[in-house]
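Structure first, commentary second.
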Amino acid sequence: MKLLDGKKCAESLITDISRRVAAYVGSGLRKPHMTVILVGEHAPSESYVKSKITSCARAGFESALLRFPESITESELLAKIAEINADPATDGLIVQLPVPKHINPQNIINAIDPDKDIDGFHPTNFGRMTLGQKAFRPATAYGICKLLQFYEIPVKGKHCVVIGRSNIVGKPISIMLSNDFEIGNATVTLAHIETPRELLLDETRRADIIVVAVGIPGFITEDMVKDGVVMIDVGINRLDNGKLVGDVDFENVSKKCSWITPVPGGVGRMTVAALMVNTLMAYQNNFDLL
Ligand code: NAD
């Protein structure tokens, strides 16, 4: 079993980005700029935002964190987004999800200028990604592709099983792995909560690559996989004892895997790195550098 080390891969991507940024800045351009909006107080969001801001600094980007109280109304938040959309000094804009219950997250996502939508959640980017056109790709899914690419894991022609159909992970990674992308051309099964257990087991037991994003600790057990499987564990679950684990029973399943992502240090690291890749692309688009 070998580890798909998200930390190492993310470092490599961010170092490469920082070199490119240094060259752009050296030629007289301003730095790329990411703006992050955080509404209310939510401990996991605080930690995700912190890692985004830290990664911006390492990539050589400017960043701004705009905090708003839980009481902000949807229309006030939409007005703020409109203001940032119109600001040429911001290349990429993220509204950290979840937002408070009185705000409709889809209205927020739809309000972000698709050219600044580095999360890749706007219907325009999601549609372009689905059609195989140039797009900001949802960061976790894109990060998984980058990780597979970094470790030269064969994907073309393989049988992939994706478990979980969220708009941010399961759905986009199933599309990206099946599309004719540089990391793609796989035959993909997308399983979800309504997939009958027996069917799920049939699929996982013959899968070459499994991507699991369900949010249930220990969901993938060793009897569910074949020897040599490549396991991508997207789950981030905090146990009562404070330990962070994924969706895979790592201790037992890893013995059967050819490759597996650790949690932490796997997909989570790649999500942030992919956001940096998207931000650089937004900047390059702005300055016609591509
Ligand atoms: P979600 O929480 O919105 O939905 C869970 C998905 O799992 C649903 O599509 C559901 O159909 C499926 N599911 C639930 N029970 C199932 C079952 N018994 N059999 C088959 N499918 C089942 O999904 P999400 O937002 O993608 O989050 C999933 C996990 O990934 C969470 O732990 C989350 O914290 C984590 N996550 C990690 C990152 C990262 O950067 N590593 C990014 C996003 C989400």
Side-chain angles (χ1 to χ4, degrees), residues 3-7 9-10 13-14 36 42-52 54-55 94-99 101 105-106 109 118-121 126 136-148 160-177 188-205 207 210-221 223-225 231-240 243-250 260-278:
L3 281 183
L4 291 162
D5 185 341
K7 188 169 176 225
C9 178
L13 282 175
I14 290 174
V36 183
H42 180 247
S45 292
E46 288 285 347
S47 117
Y48 297 145
V49 163
K50 189 174 161 205
S51 104
K52 287 168 192 174
T54 310
S55 296
I94 293 172
V95 178
Q96 185 65 42
L97 300 175
V99 284
K101 288 205 167 31
Q106 200 58 55
I109 290 167
I118 49 174
D119 261 334
F121 296 160
F126 205 95
F136 297 115
R137 302 179 199 173
T140 302
Y142 193 23
I144 292 170
C145 292
K146 289 275 179 199
L147 190 59
L148 291 168
C160 298
V161 174
V162 176
I163 314 171
R165 60 177 164 191
S166 70
N167 289 343
I168 62 169
V169 185
K171 211 175 286 169
I173 192 64
S174 70
I175 294 166
M176 287 160 74
L177 290 175
V188 179
T189 302
L190 178 59
H192 47 76
I193 191 142
E194 299 296 346
T195 303
R197 182 74 188 168
E198 280 311 310
L199 180 55
L200 179 70
L201 292 179
D202 281 351
E203 291 293 327
T204 59
R205 283 177 181 153
I210 296 177
V211 179
V212 57
V214 296
I216 303 173
F219 181 81
I220 298 287
T221 48
D223 59 310
M224 293 175 74
V225 303
M231 183 65 65
I232 308 293
D233 188 353
V234 184
I236 301 179
N237 308 294
R238 179 81 62 186
L239 300 182
D240 290 343
K243 198 177 166 207
L244 209 59
V245 297
D247 291 344
V248 176
D249 170 10
F250 187 91
I260 185 168
T261 56
V263 178
V267 176
R269 291 287 191 142
M270 292 308 301
T271 298
V272 184
L275 262 183
M276 300 301 131
V277 175
N278 278 347

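Numbering starts at 1 and runs along the sequence shown. Ligands are counted one by one from 1 in listed order, and the atoms in each one are counted from 1 as well.
- When atom types are taken as modelled, the side chain of Thr261 and the backbone of Asp233 share a donor-acceptor pair closer than 3.5 angstrom.
- Protein residues having at least one heavy atom under 4.0 Å from any atom of ligand 1 are Thr140, Ile163, Gly164, Arg165, Ser166, Ile168, Val169, His192, Ile193, Ala213, Val214, Gly215, Ile216, Phe219, Val234, Gly235, Ile236, Asn237, Val267, Gly268, Thr271, listed by chain and number.
- Side-chain atoms of Arg137 do not come within 3.5 Å of backbone N or O of Gly143 as any donor-acceptor pair.
- Considering CE of Met270 and SG of Cys9, their distance stands at 3.5 Å, rounded to 0.5 Å.
- Of the candidates His42, Lys52, Glu46, Lys52 is the only one forming a side chain to side chain contact (heavy atoms under 4.5 Å, CB included) with Gln96.
- Of the listed residues (Ile94, Val95, Leu97, Asn167), just one forms a side chain to side chain contact (heavy atoms under 4.5 Å, CB included) with Phe121, and that residue is Leu97.
- Scanning both residues, Thr204 and Ile163, for their nearest heavy atoms gives CG2-CD1, 3.9 Å.
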